[in-house]
Amino acid sequence: MRFSEQFESRFAEMLTHYPTKRSVLVPTLLYAQDESGSLSDEVIKEIAGRLELTELEVRNVISYYSMLTTHPRGKYNVQVCTNIACLLRGADELFEHCEKKFGVKHKGTTADGLFSLEEVECIGACSWAPAVQVNYDFHENLTTEKLDNVLDEYRRK
Amino acid sequence: MADINITVDGRKVTAAQGTLLIEACKSVGIEVPSFCYYPNLSLQGACRMCLVKVEKMPKLQTACTTVISEGMTVTTDSDEIRQARKSMVEMLLGNHPLDCPVCDAGGECELQDMTFSYGAAESKYMEPKNHKDEQQWSPVVYFDRPRCILCYRCVRVCGEAMDVWALGVQNRGVSSIIAPNQEDHLECEECGMCIDICPVGALTSGAYRYKTRPWEMKHVGTICTHCGDGCKTTLGVRRSDTGMEIVRGDNRDKSGINGDFLCIKGRYAFDFAHHDDRITQPLIRKDGRLTPSTWEEASALIGKRFADIRDHQGGQSIGVVGSNRTTNEESYLLQKFARIVLQTNNIDHHRTADFPAFAAGVTGKPESTASMRDVFNAPAMLLIGNNPSEQHPLLAWQIRNNVRLHRARLYVINSQEIKLRRQAANFVPIPEGTEGDVASFLAGDDSAIDTAGNETSDALKPLRDKLRSEQNLVIIFGSEIRGDDISSLVKFGSNIPGSKFICLGDYANSHGAADMGLYPNLLPGYHSISDIGIFHQERGGEIPQTPGLTLPEMVESAKADKLKAFYVVGANPVGRLGLDPFSFSQGFVVVQDMFLTQTAEIADVVLPAANAYEKAGTFTNTCGDLQLLKKAGEVNGTKPDFEMIVRIADAMGFDVRKLVPFGRGTRADMGQSRGAQAGEADRHAVWLEAHGLEPKMSPFDPMAILDEIQRLVPGYDVSRMDLQAGD
Ligand code: SF4
Ligand code: SF4
Ligand code: SF4
Ligand code: FES
Ligand code: FES
């Protein structure tokens with residue numbers, strides 16, 4: 001199992017921050033996922049070994065956090081917030097729009113592997129609801145038209 | 001630590017600083033309900049059953065995570081609290097299948113009890129329940145997901161306490177589920193701790209599930225027979241066609257030295273008792289074949305042959321082998337029978353640890369042996385040799401949990417990478433077979449380990465310094481260390497203030513067998529056979545004073561056709577020690593066993609023996625803790641070894657009163673204060689009187705021999721009350 005140099009230097013640096021190795025598990029998983037797209041069995045095994053944890057423990061943590069996934073996602077992970085503020089401002093409509101547009105349901109990925117869709121809880125952008133997060137970027141005050149534009153941009157990238 | 005005063009339900013409660021509120025309440029008999037809280041496991045605060053009102057705190061608080069503080073005023077019962085608890089139960093029942101009528105936990109389920117107490121009989125939830133079929137995770141662990149109330153006790157006991165970490169929690173919130181380490185099955189030690197600790201019937205045992213109902217069993221507290229640690233176990237027994245069948249074992253009442261711990265062997269290994277191969281009738285060799293017979297015929301035959309051989313060839317032509325698995329009373333009786341009835345010192349057993357050397361090493365050093373409980377409380381422990389995780393599971397549990405809960409320091413010296421190194425503050429690997437040299441090195445002989453390589457000595461030197469600075473160190477050593485090396489180790493330990501020792505022997509009563517004198521040269525209590533002492537006085541000199549033959553010497557003697565009779569009680573020297581079965585073809589061989597072992601196969605008479613779950617008596621665990629066995633199971637047709645020995649003595653025409661002190665006045669108390677009989681009072685009766693004990697009325701009562709053991713064997717005169725109470 002090989003990670004990038006950047007990953008390795010971050011990992012080594014993080015280890016120095018905490019008294020126990022297991023403390024770096026969550027950020028390590030995130031960085032690993034950013035690199036490999038998802039947390040494969042191989043990645044889990046590697047990280048468990050490095051942090052002296054059982055694979056089960058690593059899997060438990062992955063299953064706890066919705067940001068972490070063991071299944072490959074599309075290139076762009078479209079996360080539509082349907083929590084209360086966004087809900088009141090039409091999040092349901094946005095989500096259904098995406099479902100139709102991509103032809104997939106919650107946690108599905110388009111056939112071309114470009115987009116994944118996810119319904120998520122509050123992402124902390126309530127003041128600009130409704131909000132959608134694509135990978136690490138936020139898009140706010142959306143309407144279906146605005147969202148279409150945003151998604152087209154990604155498609156063009 | 002300073003004491004803290006609080007008020008609970010109007011009562012003043014005082015407890016040590018750092019005590020959890022739930023424990024403080026318990027100490028005065030106020031029960032705060034709980035699911036996820038479990039003493040000695042990390043706090044979880046997941047179930048919210050333990051909600052109580054703490055004055056000046058805004059919301060109800062969880063008593064299981066609240067540490068008491070001075071002046072705290074607590075209410076554990078009010079309408080608000082009852083309502084909160086009721087809602088918790090209601091929520092837990094929301095998805096619960098309520099299949100109590102067929103659930104193994106039915107009748108001893110904490111969820112049932114709570115529902116009963118808080119009466120969450122009706123539910124507001126209209127949603128359909130989630131169902132998931134029961135899963136088998138391993139031969140013994142079954143998981144019924146809908147019954148699980150997510151208390152996480154199983155996860156914690158497996159991880160923290162067992163150090164196996166085979167169970168985990170997947171997902172979160174309402175969709176959390178308990179998961180095994182191999183996706184759909186478990187790879188683990190199969191100890192069953194998780195099953196036992198589960199408050200409901202979510203985890204059930206493959207050995208017990210759907211077999212019976214808890215209230216249909218009789219529950220008998222006795223001692224596990226599978227290793228030298230001596231766990232207390234509560235056996236659930238039930239009538240069966242062949243006697244009383246043991247259906248399950250656990251120790252949920254946390255009585256005894258092991259608390260609620262049992263390992264895989266103690267928890268599941270009793271099916272041997274009702275095995276089809278069990279012998280249930282005496283067998284006598286007729287026309288070359290072992291043929292079923294009667295007790296009368298068998299005892300008469302043995303009695304006649306033993307007496308003939310003794311009278312015509314002398315006691316030295318008889319050999320006796322005792323057992324590591326019979327009770328102290330049986331071992332004591334056997335050696336007494338050998339010495340005074342058979343007139344021979346040819347008695348031995350399968351030796352494991354060198355207990356005689358250990359006893360010699362610690363004589364004159366009171367308080368130098370550690371009990372199993374001490375291991376949990378010692379500030380520091382040194383382990384040399386052995387692999388407790390496999391050979392002494394309870395000891396390993398005590399060590400691990402002492403490290404985890406009390407931050408005790410563990411030092412491990414071993415030739416293998418044993419699992420306990422994970423708890424060790426310091427692990428020093430040594431070459432195999434150098435354990436004894438290490439003992440000498442520790443005692444100050446630096447030259448002892450030069451041969452072992454420099455790396456080892458580089459690691460051992462600082463360790464020795466560190467050990468020397470410890471106090472109340474418990475030194476635990478395996479049977480790799482024997483003879484003089486034990487004295488070296490004791491010498492080393494004696495310079496450490498308050499240090500104590502544990503000598504590890506393999507089988508359930510190896511220590512007892514050694515203490516009871518199953519040696520050709522040692523009487524009970526390691527009293528040398530040639531020194532005139534208490535036992536000779538008792539017997540008026542009836543004991544032969546020349547040391548007898550060891551087991552290997554008996555074999556040689558049999559080959560030379562000198563040994564004419566061989567009496568084997570609860571041992572299988574042919575199978576276990578690889579003796580040549582033909583060595584005994586000329587002699588008269590009697591074997592007492594449960595099964596037709598390789599040794600029994602060469603016997604002239606085989607007597608069907610009860611095992612240690614099927615009789616009363618005492619065992620001495622490897623630490624020297626004396627514990628009481630109670631009869632739990634029963635297989636029709638078998639008898640305890642004790643009774644068989646007495647019957648043989650009787651059949652030999654021996655006055656069994658001289659063997660077993662039963663009835664009133666074993667030796668006449670002449671009642672004279674002067675004259676010829678003065679001082680010849682019945683010592684046994686006097687001792688019983690002084691200890692407030694009654695004479696036993698039957699020659700088959702092992703307690704009669706226990707009386708004698710307690711009277712005569714050094715170290716065994718422990719309080720009968722403590723013994724009964726299992727302390
Ligand atoms: S049986 Fe023992 S080792 Fe296996 S999962 Fe349960 S607690 Fe863990
Ligand atoms: S399986 Fe039993 S012990 Fe484990 S979390 Fe569920 S209810 Fe608790
Ligand atoms: S540790 Fe030993 S005594 Fe305890 S249950 Fe296991 S085998 Fe029996
Ligand atoms: S509710 Fe959508 S961002 Fe907070
Ligand atoms: S017992 Fe206190 S929260 Fe579970």
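So that the names make sense, note that chain A is the first sequence line, chain B the second, and so on, each numbered from 1. Model, not experiment: these values are computed from the prediction.
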Within 6.0 Å of [atom1] in [X], more than 12 heavy atoms from elsewhere:
X: Arg50(A); atom1: CZ; value: yes
X: Glu93(A); atom1: CD; value: no
X: Met14(A); atom1: CE; value: yes
X: Arg22(A); atom1: CZ; value: no
X: Lys129(B); atom1: NZ; value: yes

What are the residues of residues 131-154 of chain A, in order of number, with any heavy atom under 4.5 angstrom from a heavy atom of chain B? none
Please list, in residue-number order, every residue in residues 51-79 of chain A that has a heavy atom less than 4.5 Å from any heavy atom of chain B; write 'none' if there are none.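 Within residues 51-79 of chain A, near chain B: Thr54(A), Leu56(A), Glu57(A), Arg59(A), Asn60(A), Ser63(A), Tyr64(A), Ser66(A).
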Not counting sequence neighbours, which residues clear side chain to side chain contact (heavy atoms under 4.5 Å, CB included) with Glu134(B)? List them please. Tyr142(B), Asp144(B), Thr204(B), Arg209(B), Tyr210(B)
Contacts of Ser389(B) that satisfy side-chain hydrogen bond (donor to acceptor under 3.5 Å, both in side chains) - sequence neighbours left out: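 By the side-chain hydrogen bond (donor to acceptor under 3.5 Å, both in side chains) rule, Ser389(B) matches no residue at all.
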